[in-house]
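In this text, all values refer to a predicted model and were calculated from it rather than measured experimentally. All values below were derived from every heavy atom in this structure, side-chain atoms included, with hydrogens, water molecules and symmetry-related copies excluded.
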Amino acid sequence: MPSPDEFVHAALECFHEDDFPETIRVCHRGLDQHPDTGRLWEILGLAHWMRGEIQAALSPLETASLYVPLQPLAQLALAAAYAWANKPDLARTVYKHLADCPGFPVPLMPRLAAGLGRIGENEAALLVCEKLVELRPDYHPAWFGIAFYRRRLGRPVHEATDPLT
């Protein structure tokens, strides 16, 4: 019988090849034999999320969080699933936790800002965009994010457009 780590490795290989149906199958096979393997639950939830199957992603991600600390991408997926499931308080808690994490991965910051904006946390979304500009000044979408969230917060037009000029 393959070990939990072997199933995790196989599932990650499929996941990184964007073969999400096979990722899901590998996770289910692994979980049939090793139901307490948090990483398999996490990968299963992420595979569903990547396929746009938000409802199917929620339970595996919540289950994974009982066994292991979720990776940042999985935490973003969980927050998005909570928002989709009309659980804004849970979504807000996860998103704001991620916004406060000092080592949050820079490539995931645009998704974080967008998620915060979707649940109405415009000030937090603006702060994430501003931090992203500090770290990656050439990343133009972050500059547009700053302008967008400043306007959403009711700031004057000149304050929103100054970063763009």
Side-chain angles (χ1 to χ4, degrees), residues 1-121 124-125 127-142 145:
M1 172 185 352
S3 72
D5 287 343
E6 290 171 313
F7 279 110
V8 168
H9 179 75
L12 283 173
E13 278 187 8
C14 297
F15 185 86
H16 290 293
E17 292 174 6
D18 295 337
D19 188 350
F20 304 120
E22 184 60 21
T23 302
I24 291 167
R25 283 190 285 278
V26 170
C27 287
H28 280 295
R29 283 195 306 271
L31 289 166
D32 285 345
Q33 296 176 32
H34 309 283
D36 297 340
T37 307
R39 288 288 171 233
L40 284 175
W41 285 110
E42 180 179 41
I43 297 164
L44 176 62
L46 279 172
H48 281 297
W49 183 65
M50 294 297 287
R51 290 176 53 132
E53 300 165 349
I54 308 304
Q55 182 176 4
L58 182 56
S59 180
L61 290 169
E62 286 181 319
T63 302
S65 73
L66 298 174
Y67 293 109
V68 295
L70 296 180
Q71 299 296 315
L73 182 61
Q75 291 181 56
L76 277 175
L78 180 60
Y82 281 146
W84 176 89
N86 202 24
K87 298 179 178 183
D89 291 338
L90 292 172
R92 185 173 293 104
T93 298
V94 176
Y95 280 133
K96 290 194 114 183
H97 163 74
L98 294 174
D100 292 337
C101 286
F104 190 76
V106 174
L108 296 179
M109 285 182 169
R111 287 183 188 222
L112 175 58
L116 285 161
R118 273 194 299 280
I119 62 166
E121 290 293 332
L127 292 173
V128 170
C129 289
E130 289 172 344
K131 183 175 181 180
L132 184 53
V133 161
E134 286 176 26
L135 298 169
R136 300 272 166 85
D138 292 339
Y139 186 68
H140 298 109

> Just wondering, do Tyr82 and Glu62 contact through their side chains at under 4.5 Å, heavy atoms?
Replying inline: yes

> How far does CZ of Phe20 sit from CH2 of Trp49, to the nearest 0.5 angstrom?
Replying inline: 10.0 Å

> Atom CD in Gln33, atom CZ in Phe7: separation rounded to 0.5 Å?
Replying inline: 4.0 Å

> Between Phe104 and Pro72, is any pair of side-chain heavy atoms under 4.5 Å apart?
Replying inline: yes

>> Looking at Glu134 and Lys131, is any side-chain nitrogen of the basic one under 4.0 Å from a carboxylate oxygen of the acidic one?
In response: no

> Which value, rounded to the nearest 0.5 Å, describes the distance between Leu112 atom CG and Cys101 atom SG?
Replying inline: 9.0 Å

>> Between Glu13 and Val26, is there a side-chain heavy-atom distance shorter than 4.5 Å?
In response: no

> So, for Met109 and Val128, which heavy atoms are closest and what is the spacing to 0.1 Å?
Replying inline: O-CG1, 3.6 Å

>> Using modelled atom types and a 3.5 Å cut-off, is there a donor and acceptor pairing between side-chain atoms of Thr37 and backbone atoms of Leu40?
In response: no

> Do side-chain atoms of Glu121 reach the backbone of Lys96 as a donor and acceptor pair under 3.5 angstrom?
Replying inline: no

>> Just verifying a value: how many Å separate Asp89 CG and Asn86 CG, rounded to the nearest 0.5 Å?
In response: 10.0 Å

> Between His34 (side chain) and Pro2 (backbone), is there a donor-acceptor pair under 3.5 Å?
Replying inline: yes

> So do the side chains of Tyr95 and Asp100 get within less than 4.5 Å of each other, counting heavy atoms only?
Replying inline: no

> Quick one: are Leu78 and Leu58 in side-chain contact, heavy atoms under 4.5 Å?
Replying inline: yes

>> Between Tyr67 and Arg39, is there a side-chain heavy-atom distance shorter than 4.5 Å?
In response: no

> Donor-acceptor pair, Trp41 side chain versus Pro35 backbone, under 3.5 Å?
Replying inline: yes

> Are any non-hydrogen side-chain atoms of Leu73 and Glu42 less than 4.5 angstrom apart?
Replying inline: no

>> Taking Ser3's backbone N and O only, do any of them form a donor-acceptor pair with Glu6's side chain (distance below 3.5 Å, no angle check)?
In response: yes

> In terms of side-chain geometry, is the basic nitrogen of Asp32 or Arg29 positioned less than 4.0 Å from the acidic oxygen of its partner?
Replying inline: no

> At what distance, to the nearest 0.5 angstrom, does OG1 of Thr23 lie from CD1 of Ile43?
Replying inline: 8.0 Å

>> How close do Gly45 and Ala57 get, counting heavy atoms only, and between which atoms?
In response: O-CB, 3.3 Å

> Which atoms form the tightest heavy-atom contact between Cys27 and Ala11, and what is the distance?
Replying inline: SG-CB, 3.8 Å

>> For Arg92 and Leu116: C-alpha separation, side-chain torsions, deciding distance, then whether side-chain contact (heavy atoms from CB on, under 4.5 Å) applies.
In response: CA-CA 7 Å; Arg92 185 173 293 104; Leu116 285 161; over 6 Å; no

> What is the distance from atom CG of Leu44 to atom NE2 of His48, rounded to the nearest 0.5 Å?
Replying inline: 4.5 Å

>> So which atom in Ala79 and which in Ala91 form the shortest heavy-atom distance, rounded to 0.1 Å?
In response: O-CB, 3.4 Å

> Is there a donor-acceptor pair closer than 3.5 Å between any side-chain N or O of Gln75 and the backbone N or O of Leu70?
Replying inline: yes

>> Quick check: closest heavy atoms across Cys129 and Ala142, and the distance to 0.1 Å?
In response: CB-O, 3.8 Å

> Any side-chain heavy atom of Arg51 sitting closer than 4.5 Å to one from Pro21?
Replying inline: yes

